[in-house]
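The basis for the numbers below is simple: all heavy atoms, side chains too, and nothing from hydrogens, waters or symmetry mates.
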Amino acid sequence: QSARNIYYEHIESEAVPSHDVEIYVLNHKISKARTEQEKTNLTVQLQQEFKDRDTITTQMKHIVAFALNHDHREVAYALATRTEEINFDCYEPVVRYYSEHCRRLSQSPFALRMLYALQNVCNVENMLVETITSAIDKAC
């Protein structure tokens, strides 16, 4: 047997998307909790994680709506489409601003997953960084 198998044979190899790791870990801890108090505390943490995700999703919807002047067609496109095109002159300062003024990206893997919407807004013709940062200020 390899050294890896000796040390890790008891671990199931189930791939988990990085933004869902915290949920999987908490669910695992809940299933292994030894006391009701421990299970309750972990359940509260899990509920908070879902609440945070809802908040992030709502904030991003508001940011996009504000930046696009509530144009329903453009808002729907920005929130539903993942493109490879990136306007880095807009995207980089907007993401930095979002992380500093709304949600620390280093502390929220789920927020990272929502950045495609900012990317799409940056790709709108004649979009200004200031328009998006103002939308971030309004939504957050």
Honestly curious: do [X] and [Y] fall in one hydrophobic cluster under the side-chain, below-4.5 Å linking rule?
{"X": "Leu79", "Y": "Val95", "result": "yes"}
{"X": "Leu112", "Y": "Val94", "result": "yes"}
{"X": "Leu46", "Y": "Ile56", "result": "no"}
{"X": "Val75", "Y": "Phe66", "result": "no"}
{"X": "Ile86", "Y": "Leu118", "result": "yes"}

- Query: Taking all non-hydrogen atoms of both residues, which atom of Ala67 and which atom of Ala135 are closest, and how far apart?
  - Reply: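 That closest heavy-atom pairing would be N-CB, 3.7 Å.
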- Message: If I compare all heavy atoms of Leu42 with all of Ala33, which pair ends up nearest, and what's the gap?
- Response: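 Looking at all heavy atoms of both residues, the closest pair is CD1-CB, 4.4 Å.
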Could you tell me whether the side chains of [X] and [Y] share a donor-acceptor contact shorter than 3.5 Å?
{"X": "Tyr97", "Y": "Asp137", "value": "yes"}
{"X": "Gln48", "Y": "Asp52", "value": "yes"}
{"X": "Gln37", "Y": "Asn41", "value": "yes"}

Within a strict 4.5 Å, meaning less than it, do heavy atoms of the [X] and [Y] side chains meet?
{"X": "Arg104", "Y": "Ser108", "result": "no"}
{"X": "Asn120", "Y": "Val64", "result": "no"}
{"X": "Tyr77", "Y": "Thr83", "result": "yes"}
{"X": "Cys102", "Y": "Gln59", "result": "yes"}
{"X": "Pro109", "Y": "Val21", "result": "no"}
{"X": "Cys90", "Y": "Asn123", "result": "no"}
{"X": "Ile23", "Y": "Arg53", "result": "yes"}

Any donor-acceptor pair under 3.5 Å linking the side chain of [X] with the backbone of [Y]?
{"X": "Asn87", "Y": "Asp89", "value": "yes"}
{"X": "Thr131", "Y": "Met127", "value": "no"}
{"X": "Ser99", "Y": "Arg96", "value": "no"}
{"X": "Thr58", "Y": "Thr55", "value": "no"}
{"X": "Thr40", "Y": "Glu36", "value": "yes"}

In Å and rounded to the nearest 0.5 Å, what is the [atom1] to [atom2] distance from [X] to [Y]?
{"X": "Gln47", "Y": "Glu49", "atom1": "CD", "atom2": "CD", "result": "12.0 Å"}
{"X": "Leu105", "Y": "Met114", "atom1": "CG", "atom2": "CE", "result": "12.0 Å"}
{"X": "Phe88", "Y": "Gln119", "atom1": "CZ", "atom2": "CD", "result": "8.0 Å"}
{"X": "Leu68", "Y": "His70", "atom1": "CG", "atom2": "NE2", "result": "9.5 Å"}
{"X": "His62", "Y": "Ile136", "atom1": "NE2", "atom2": "CD1", "result": "14.5 Å"}
{"X": "Leu115", "Y": "Met60", "atom1": "CG", "atom2": "CE", "result": "5.5 Å"}

- Message: Quick check on His28: does its NE2 atom have over 12 non-hydrogen neighbours (other residues, nucleotides or ligands) under 6.0 Å away?
- Response: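 No, not enclosed.
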